[in-house]
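Remember, it's a predicted structure, so these values are computed and weren't measured experimentally. Naming convention: chains lettered A, B, ... in sequence-line order (proteins, then strands); numbering from 1 in each chain.
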Amino acid sequence: MKIASWNVNSLNVRLPHLEQWLRDAAPDVVGIQETKLEDNKFPDAVLAGLGYRSVFAGQKTYNGVAILAREHAIDEVCIGIPGFDDAQRRVIAATVNGMRVVNLYVVNGQDVGTEKYEYKLRWLDAVHSWLSEELQKHPRMVVLGDFNIAPDDRDVHDPAVWNDGHILTSAAERQALQRLAGLGLHDAYRLHHGDAGQFSWWDYRQAAFRRNMGLRIDLTLVSDALRGTAAAAGIDREPRTWERPSDHAPVWVRLAGQAL
DNA sequence: ATGGTGGTGATACCA
């Protein structure tokens, strides 16, 4: 069972890319971030034509998340972090094939020390509390999404720039990610790859993709109960080479023994 | 230190 995550940076613009990639990569479950679409504009009929059911929580202009699945029903849909009042559509969770899928569009945070940065840390704290409880109910869990945090120095093109003072790599952000790992949520990519320089996001500016000046900030985390089934993980760079691409590439994990 | 590009929507804001 292949489970993927992709920040599409406007599903309105990127729908043709999503359609092409669904055909190419044939994921079973997908978490999408930054749809930037209100729910009445979500292209669920187009996706149904490709064999995917979808659930979604969107808003105009900013944020917006969705979960797609083929072959299986999408049940127990939860929008937002329970008990955390937030108008921003950043979280959707659902049960697919006996597995809890949590799709996160983590707050960017703008710059270290700003109000948005404080919001990011508060938001991550709320996610930690919520997932701690959620894991009791659903031990078989995948938490995926755009985390807007590069786990360690292997995950940035230039650690001298992307350091403790920088957004996406500051110590407090990395500690927040470590606290999620402490719940028994394992970065599937790192279960299989120890290499540096493999990224999932490249800024549109400065020809960053051509120069591979990127960060690995899109992650699939698997719970203790699923860890042994995580047979492979990877990053699909190809859609980032297409015309008018998202600034993010899709990332994925394949779970063995997950009967379709 | 600044600004570079892109999405939204019509202007700044967000990333």
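A donor and an acceptor atom, one from each side chain of A/Arg90 and A/Asn63, are located under 3.5 Å apart. Under the 3.5 Å distance criterion, with hydrogens and angles disregarded, a donor-acceptor pair is assigned to the side chains of A/Tyr189 and A/Asp195. Donor-acceptor pairing under 3.5 Å is recorded for the side chains of A/Ser170 and A/Tyr117.
For A/Tyr62, taking side-chain heavy atoms from C-beta onward, the closest of the listed nucleotides B/dT5, B/dC13, B/dT8 is B/dC13. Out of B/dT8, B/dA15, B/dC13, the shortest distance to the side chain of A/Asn108 is found at B/dA15.
Summarising the geometry, the separation between CZ on A/Arg210 and P on B/dT5 is reported as 13 Å, rounded to the nearest angstrom. The separation between A/Asp247 atom CG and B/dG7 atom C1' is 10 Å, rounded to whole Å. Rounded to whole Å, the distance from CD on A/Gln33 to P on B/dA15 is 14 Å. As rounded to whole Å, 17 Å separates atom P of B/dG6 from atom CG of A/Asn12. Remark: C1' of B/dC14 and CG of A/Asp203 are 12 Å apart, rounded to the nearest angstrom. If you take NZ of A/Lys60 and C1' of B/dA10, they are 12 Å apart, rounded to a whole angstrom. The interatomic distance linking A/Arg205 (CZ) with B/dC14 (P) rounds to 14 Å, in whole Å. For the pair A/Glu243 CD and B/dG7 P, the computed distance is 11 Å after rounding to whole Å.
The phosphate of B/dG6 has neither OP1 nor OP2 within less than 4.0 Å of any side-chain N or O from A/Ser10. Between B/dG7 and A/Arg14, a contact under 4.0 Å exists linking OP1 or OP2 to a side-chain N or O. For the OP1/OP2 pair of B/dG7 and a distance below 4.0 Å, the side-chain nitrogens and oxygens of A/Thr61 include no atom meeting the criterion. OP1 or OP2 of B/dC14 sits under 4.0 Å from a side-chain N or O of A/Lys116.
The local environment of CD in A/Gln178 is sparse, with at most 12 non-hydrogen atoms from other residues, nucleotides or ligands closer than 6.0 Å. Within a 6.0 Å sphere centred on CG of A/Asp85, heavy atoms belonging to other residues, nucleotides or ligands number 12 at most.
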For DNA chain B, the dot-bracket notation using Watson-Crick and G-U wobble pairs below 3.5 Å, [ ] for pseudoknot-type crossings and | for other-strand pairs, is ....((((...))))
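Using C1' as the reference atom, B/dA15 and B/dG4 are 13 Å apart when rounded to the nearest Å. The same atom, C1', is picked in B/dC14 and in B/dG3; the two are 16 Å apart, to the nearest Å. Nucleotides B/dG6 and B/dT2, compared at atom P, are 23 Å apart to the nearest Å. Rounded to a whole angstrom, the distance from the P atom of B/dT5 to that of B/dG9 is 22 Å.
With respect to A/Trp201, the side chain to side chain contact (heavy atoms under 4.5 Å, CB included) criterion is satisfied by exactly one of A/Asn148, A/Val251, A/Leu215, A/Asn9: A/Leu215. Applying the side chain to side chain contact (heavy atoms under 4.5 Å, CB included) test between A/Trp202 and each of A/Arg240, A/Arg210, A/His248, A/His157 identifies A/Arg240 as the sole match. Shown are A/Tyr105, A/Phe84, A/Trp123; of these, the side chain to side chain contact (heavy atoms under 4.5 Å, CB included) with A/Val91 is made only by A/Trp123.
Listed here is the closest heavy atom pair of A/Ala231 and A/Ala256: CB-CB, 4.1 Å.
Contact annotation for A/Tyr105: backbone-only contact, meaning every heavy-atom pair under 4.0 Å involves sugar-phosphate atoms and none involves a base. Within the 4.0 angstrom heavy-atom criterion, only backbone atoms of the sugar-phosphate kind lie near A/Arg90; the bases stay farther away.
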Please write out each protein N/O paired with an N/O of nucleotides 1-3 of chain B under 3.5 Å, distance rounded to 0.1 Å.
| unit_1 | atom_1 | unit_2 | atom_2 | d |
| --- | --- | --- | --- | --- |
| B/dG3 | N2 | A/Gln206 | NE2 | 3.4 |

Which atom pairs, one a donor and one an acceptor, fall under 3.5 Å between side chains of residues 38-45 of chain A and the rest of the protein, sequence neighbours left out?
| unit_1 | atom_1 | unit_2 | atom_2 | d |
| --- | --- | --- | --- | --- |
| A/Asp39 | OD1 | A/Gly58 | N | 2.8 |

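Between A/Gly109 and A/Leu11, the residue anchored nearer the 5' end of DNA chain B, judged by the nucleotide with its closest heavy atom, is A/Leu11. Nucleotides of DNA chain B nearest to A/Val107 and A/Lys36 differ in position, and the one nearer the 5' end is that of A/Lys36.
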Stepwise salt bridge (Lys or Arg N to Asp or Glu O under 4.0 Å) test for A/Asp164 and A/Arg174
CA-CA 9 Å; A/Asp164 180 35; A/Arg174 284 174 161 172; over 6 Å; no
